[in-house]
Amino acid sequence: MNLALINSGEAGARRTAKTWLITAWIAGLFCLAICATILYQHATATTNDPWKSPQLLKLKTALAAAPKDAQIKAQIRDLDLKYRQRFFRRLALDRTGGWLLLGGMAVFLAALWRAKNSDQVLSIPQPNLQAAREALRVEARSRLAVAGFAVVCVGAAAAFIKAGDSKMPLPQNPAAPPVPAAADALPPLAEFQANWPRFRGPDGSGFSPKANPPLAWDEGAKTNLLWKSAIPLPGFNSPIVWGGRVFLSGGDAQKREVYCFNAADGQLAWRRAIENVPGSPAKAPEVLEQTGVAAPTMATDGRRVYALFANGDLAALGLDGAPAWSKNLGTPKNQYGHATSLAIWQGKLIVQLDQGDSEPANSRLMAFDGATGKVVWEKPRKVPGSWASPIVVEAAGKAQIITAALPSLIAYDAVSGAELWKADVLEGEVAPSPILAGGLVCIASPSSKLIALRPDGSGDVTKTHVAWSNEENIPDVTSPTSNGELVFYVTSSGMLTCLDAKDGTKLWEHDFGTEIQASPGISGNRVYIVATDGHAWVVEAGREFKELGAGKLEDHFFASPAFVGDRLYLRGNAALYCIGVK
Amino acid sequence: MFRRLLHLLFGLLLLSATALAEQRFPPPDFESGYQLPTPTTPAPRAGLMQYADVVVLLSALALALWLVYRTRSRRGITALSLFSLAYFGFYRKGCVCAIGSVQNVALALCDSHYALPVTVLIFFLAPLTVALFAGRAFCAAVCPQGAIQDLVLIKPLKVPAWLETPLGLIPYLFLGAGVCFAATGSGFLICRYDPLVPFFRFNGSELMIGLGVAFLLAGLFVGRPYCRFLCPYGALLRLATLAAKWRVRVTPDTCTQCALCQHSCPFGAMREPTGMQKREPLKTSRLRLATFLLLLPVLVGLGAWGGSQLATPASKFNRTVKLAGRYVRSLTTPDRFPMELQRVEANPGPVLAKAEEIRQQFLLGATLFGGWVGLVFGVKFISLCLRRNRTDFEPDPGTCFACARCFETCPSERIRRGWIPAELETARSKE
Amino acid sequence: MKIPLPQDPLGRREFLRGGVRYGLLVGLAAMAARAVSGKRLVNQDCTSQGICRGCPDYTDCELPQALSARQAPPISDTGAYEEVCRIAGGKMPSRSLAIGPEDRLYLATGNAVLVLNQAGVREQEWTLDAPVCCVTVAPDGTVFAGLRNRILHLDSNGNRLADWQVPGNRTWLTGLAADANDLFAADAGNRVILRLDRAGQCIGRIGEKNAERDVPGFIVPSPYFSVMIHPDGLLRVNNPGRHRVEAYTLDGDFEGAWGKASGAVDGFCGCCNPIRVVPLPDGRMITCEKGLPRVKIYSATGEFESVVAGTNAFPENARVGAGERDADAALAGLTAAVDSRGRIAILDHVTGAVRILQPKAGGKA
Amino acid sequence: MSTNPKEPVNRRNFLGAAARVAAMTGVGALLGKLAGATAAKGTVWQIDPAKCVRCGKCATACVLEQSAVKCVHAYAVCGYCELCTGYFGPEPNELTTAAENQLCPTAAIQRTYIEDPYYQYHIDEKLCIGCAKCVDGCNRYGNGSLFLQVRHDRCVNCNECAIARVCAGDAFVRVPVDQPYLLKTKPTTS
């Protein structure tokens with residue numbers, strides 16, 4: 001039965017349908033034409049928008065080179081006008097084109113709709129005899145299709161996870177400054193010098209030319225004490241600083257740990273116990289309480305931090321605290337406990353491991369590859385135990401490692417470990433470390449004299465290369481410090497002496513009258529002296545004594561100060577202190 | 001109310017106080033009597049006009065209900081569609097719409113900084129409430145996106161039922177993703193990837209215009225592709241119609257089972273009477289149902305696990321997280337566009353902390369999203385095993401857009417309207 | 001035959017009853033949810049997601065802390081000067097710097113004048129009742145502090161000796177200079193230099209546009225205008241709109257000018273520079289610029305000599321455009337002052353830090 | 001709850017009614033939860049000039065081909081300079097309105113002489129594309145009297161602003177519809 005034909009004549013309907021169809025075609029073509037025009041305009045115009053046209057830019061550069069060239073000016077004006085007109089023409093076309101397109105589409109749809117309607121033949125569908133079976137099949141297929149779609153979704157998600165690199169480049173502790181990705185390249189020298197990467201600063205002389213900490217502080221009056229953070233385990237090592245983090249180690253008979261504090265707020269960013277070190281002795285070494293197991297100061301190359309303990313455990317950790325490698329060097333035989341700090345040079349970790357009471361016994365100097373912990377070279381040393389820390393200096397065209405032990409000051413080539421020169425100038429228990437002062441290596445022979453040597457010799461230079469020596473107020477524990485021009489040193493009883501670095505003449509002395517165990521340091525033109533009882537003085541690094549300021553903290557201090565930026569970091573027995581201007 | 005009044009008073013006080021305190025560095029003292037112009041500030045559409053939109057929305061919804069249930073007029077529905085397209089589409093430029101409002105509601109629920117405009121809440125709730133009682137009248141003729149697709153539908157082709165089922169799941173997934181992104185403050189995905197809005201504005205990115213053209217071209221042959229296979233609000237409405245009290249009924253009288261309505265529906269929404277379907281052995285279907293019921297929690301669990309894996313890569317779409325990541329990378333490798341990093345570099349702490357917080361939110365959000373995806377699939381499997389008894393042809397309320405096309409093809413309706421003589425019908429029934 | 005509609009139309013009574021029931025349901029649920037979730041006020045922060053309520057107020061903005069926390073590189077690489085000391089800034093904007101007896105620094109910061117010793121230790125803090133725009137120290141050690149339209153005369157301990165109101169509703173003081181008898185005040189609002197005696201009486205107006213006396217007039221688009229007494233006895237005033245430094249006698253005769261507009265190192269960059277000119281004891285002059293923040297030295301006759309500190313020494317200052325806040329609260333800018341030993345102190349208005357530079361050893365300075 | 005008395009109460013109707021009640025309870029709960037978080041006033045997008053870093057994305061990221069963001073000139077803040085760094089490029093050839101001297105790529109700034117030595121700068125909004133070149137010049141060196149604002153005669157107020165999404169300074173904020181501009185000059189002065 002054909003119901004539709006009841007309403008309209010067949011032939012008439014066909015004719016109308018055809019008319020509408022033609023209309024639809026025309027409208028459709030019209031729409032296409034408009035689309036094409038708009039697309040063409042976009043394609044030609046977008047690259048030459050007045051603000052990004054390379055041609056215009058080139059002309060303007062040319063004009064800057066030849067400011068008087070009227071021809072270039074004319075060209076710029078023409079081109080500028082042309083592009084601007086084209087740009088605004090395009091905008092206008094887009095607007096009107098939109099409306100025209102809308103109209104065209106309306107006509108197109110209406111015509112198609114009419115064509116379809118007048119052509120409509122309504123007929124009752126024939127009953128589908130297969131319908132029942134098909135329904136079941138469709139259901140089964142739908143289930144399959146849904147399952148297939150689920151698989152597609154899982155695949156897409158997996159691809160998304162894989163492409164999106166599910167590691168988040170965010171630090172775990174947002175308060176801590178993020179750690180630069182461990183790259184094989186070491187940080188530049190400037191960064192090394194801007195930080196405080198080892199015992200007594202970049203070159204081991206306790207001198208920072210650019211740091212600018214405050215002149216005065218007082219814990220009681222809460223002035224210039226930025227923060228104070230308790231240190232979990234004791235240790236006599238000094239803080240080192242790298243990239244907004246302060247590193248320390250601490251330990252007792254049971255545990256040895258490394259701590260990292262955020263320089264910004266003093267929060268303990270992480271602490272890592274050094275344990276399960278291969279070959280580590282089960283028994284804690286016998287050490288004096290005044291030395292402890294964590295006397296050696298740590299070192300860093302900006303990629304990892306290194307820590308050495310009195311039981312011979314040597315560990316490398318990432319800046320985020322992740323263990324890199326660790327090994328045991330054998331417990332050094334030392335009647336007080338091992339105290340020599342680590343040195344670092346171009347990614348190599350330098351360990352001076354002197355031991356034995358009076359007889360030399362297995363003392364050695366070792367260089368490790370910082371990244372892997374492999375021994376690069378190792379040199380035996382015929383010296384007994386010492387407590388001075390090595391420094392690495394550039395002198396006589398070589399990188400030299402200067403070590404001090406009874407009875408010699410010995411220099412080694414940092415690259416190969418070959419011995420360069422030695423000077424038998426030391427006596428007593430060698431604790432003060434050597435420094436470089438105005439091109440001379442300066443070393444205090446405990447309580448006897450301060451000697452400066454020219455570091456350009458070879459072989460035994462005891463008789464040939466001593467530049468000067470001075471015997472006044474010589475310290476027994478602390479090391480001297482120098483800004484290259486002057487040398488300062490302080491005795492345990494609190495006598496500060498200033499010498500001219502050139503010839504060793506004494507310029508002045510000043511008695512603080514209190515016990516001082518921490519080596520002094522120089523920041524800019526100021527000498528910082530920290531006494532054991534928490535008093536501190538800031539003295540001008542000048543040829544005359546002039547006190548610039550003073551500080552007071554409620555703690556006991558043995559560690560050397562660290563200067564970074566506008567701050568001073570001090571390790572007390574109980575806590576780490578950050579001095580700076582708020 | 002009282003609080004608001006207080007705020008107003010306080011604001012006024014503050015304003016006058018600053019006016020007194022303010023003293024600007026004086027501009028040059030012009031000798032020629034030049035007067036300083038003031039910059040123009042063309043006003044936005046007045047706030048009250050938003051409520052006009054609400055009134056239009058509610059009236060259009062009521063009118064659509066009336067047209068579907070009382071007059072049963074396809075012509076009326078088409079006319080209302082044209083009006084909605086003109087008003088909500090070309091006049092209001094497609095913003096704000098019910099589809100996008102889902103995200104505003106999600107954001108308002110999760111972010112205490114965001115104030116949800118009342119009008120947006122009404123745009124979200126009104127069509128949903130209507131759907132709870134009377135089906136998708138909103139889709140029929142009020143939604144401009146639906147209207148434009150309905151109007152371009154010229155030659156409907158049938159999408160095979162097995163294909164329609166999985167494609168019909170996409171809206172649920174899109175809804176989940178859209179809510180997850182909005183709730184974490186990472187942006188409005190649904191608005192960003194609405195392919196039809198660029199038409200209303202005569203403007204848009206190349207990608208979105210291209211997508212829109214593709215959808216409209218497909219819409220010439222496939223009924224409402226966006227509504228059926230993408231629209232997340234449609235997914236919500238589909239859920240709401242499960243509870244609908246009134247449903248669209250094709251025939252005003254008894255169904256003659258002529259199947260004309262099934263053929264007339266371009267959206268595959270018409271369900272045939274179950275009497276025509278073959279039954280499987282009861283045992284098979286029960287076993288299958290039991291399997292899928294057991295599978296449901298497994299799917300939800302798996303989905304949740306998978307979702308949690310998505311959290312980190314997905315969180316990188318958040319601006320703050322992206323910025324924090326760029327900042328961290330810039331510490332080792334220089335950034336190509338450092339201008340954006342300036343505000344982190346000045347003070348990285350809060351940004352990094354915020355990024356971490358958002359990442360945690362994403363962990364929760366993505367896990368929930370994954371569970372939701374598992375649930376959608378599991379429920380779909382179960383529903384494919386269930387069979388309801390139908391004696392007549394009737395539209396599936398979830399997929400029916402109440403477009404009124406089927407009414408006019410029903411012989412009984414045509415008789416009711418007097419388009420064909422009743423005698424013919426009685427003659428046929430005697431046959 | 002008329003077939004009825006497929007569904008019975010909904011009766012009015014039934015509709016109302018249903019409406020009331022569902023309405024009650026929704027209301028109850030809403031109240032319950034509200035009670036459970038507690039009251040929540042929409043936060044009033046301006047965030048990209050949040051809504052900003054009320055008029056933004058730019059004037060009361062403190063300096064962004066983050067800015068002051070940043071560390072600018074030391075000045076050493078460029079020019080003949082090197083940085084020897086840096087005094088960190090506070091939270092409030094600093095606008096002016098003067099150096100007095102014993103090389104004390106007088107810093108106009110917020111509503112106060114801070115007195116610092118050479119090492120940067122704060123010795124005194126004189127809190128005044130309005131933001132201090134400019135400060136100078138007279139040869140006798142007393143201090144003049146300029147508020148927007150007032151001048152306070154303070155003794156060396158901050159006790160108030162006099163408080164002069166400067167008439168005119170456009171008055172906006174930005175620079176002061178004092179010799180033994182007179183006080184010169186740069187009024188940026190009226191584009192004039194006022195000459196005041198020790199009683200606070202205005203005894204001369206210098207630099208107003210006057211064709212007869214051949215005075216070109218000052219162009220001062222923003223509150224950066226200063227006056228200094230040169231060792232040769234003339235006044236030196238920066239005329240930012242003309243990109244030059246002008247010389248006037250104490251009586252207001254225009255004596256000449258030098259300077260040119262250019263982004264190159266020997267010119268003054270942007271639209272309105274220099275913002276300050278400070279003579280050295282030997283007659284050479286230090287100029288400060290904003291936009292490209294830099295401090296340079298010109299000879300007594302205006303030939304470019306050297307750069308004291310370049311743009312990269314003031315990264316924060318270079319980044320903060322004046323327009324980041326209301327122009328009144330213009331932040332960018334530098335102020336220089338010279339102490340008795342020939343060292344130059346530079347105040348960075350943005351960070352509030354003072355850098356002290358001394359001539360490099362062996363360098364030509 | 002309100003099943004039609006004429007309809008038989010079968011399982012399907014009962015389930016439907018129960019679902020409706022549950023759904024409406026959910027709607028109520030949503031309303032209650034959002035009760036304190038709604039605003040009767042609508043919001044529009046605006047640029048906070050204090051945060052704008054002049055990155056130039058306003059010109060390209062808007063959904064409108066010619067951006068709804070345009071430069072606004074606060075005359076009261078302007079210095080009326082002859083050498084305007086918002087009008088002239090760096091190191092201008094001459095201080096004239098010739099194309100080679102202008103910074104604006106669409107020549108949307110009109111420079112007019114007022115009196116010696118002052119010039120007025122006026123934005124021709126039809127031409128401005130919101131590229132922020134002049135804003136950068138003016139803020140870097142000058143008073144910052146040129147700044148960007150969303151112009152509400154053009155803005156379609158998208159639910160999610162396409163520029164806000166990419167804004168380098170995170171300067172886009174939603175502001176109440178009755179205070180739609182964040183101008184540098186306040187409406188009142190004493």
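Throughout, protein chains are lettered first and strands after them, A, B, ... in sequence-line order, and every chain is numbered starting at 1.
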Region of B:Phe199 in contact with chain A, defined by heavy-atom distances below 4.5 Å: neither
Using non-hydrogen atoms only, which part of B:Leu220 is less than 4.5 Å away from chain A: side chain, backbone, both, or neither? side chain
So which of A:Gly148, A:Ala106, A:Ala147 has the biggest tally of heavy-atom pairs under 4.5 Å with chain B? A:Ala147
Using a 3.5 Å cut-off and no angle test, enumerate the donor-acceptor pairs between side-chain atoms of residues 153-171 of chain B and protein atoms at least two apart in sequence or in another chain.
| from | atom 1 | to | atom 2 | distance (Å) |
| --- | --- | --- | --- | --- |
| B:Lys158 | NZ | B:Cys265 | O | 3.3 |
| B:Glu164 | OE1 | B:Arg228 | NH2 | 2.9 |
| B:Glu164 | OE2 | B:Arg228 | NE | 3.2 |
| B:Glu164 | OE2 | B:Arg228 | NH2 | 3.1 |
| B:Thr165 | OG1 | A:Ser142 | OG | 3.4 |
| B:Thr165 | OG1 | B:Ala161 | O | 2.8 |

Measuring from atom CZ of B:Phe202 to atom CG of A:Leu102, what distance do you get when rounded to the nearest 0.5 angstrom? 5.0 Å
Is the B:Phe377 ring parallel, tilted or perpendicular to the A:Phe149 ring (thresholds 30°, 60°)? tilted
Checking B:Leu173 against A:Cys153 for the side chain to side chain contact (heavy atoms under 4.5 Å, CB included) test, could you report, in this order, the C-alpha distance in whole Å, the side-chain angles of both residues, the deciding distance, and whether it holds? CA-CA 10 Å; B:Leu173 310 190; A:Cys153 286; 3.7 Å; yes
Top of B:Ala314, B:Gly307, B:Gly306 for chain A proximity - count of heavy-atom pairs under 4.5 angstrom: B:Ala314
Considering all heavy atoms, the nearest B:Phe292-A:Arg143 contact: CE1-CD, 3.7 Å
Which atom pair, heavy atoms only, marks the closest approach of B:Pro313 to A:Ile161? CG-CA, 3.9 Å
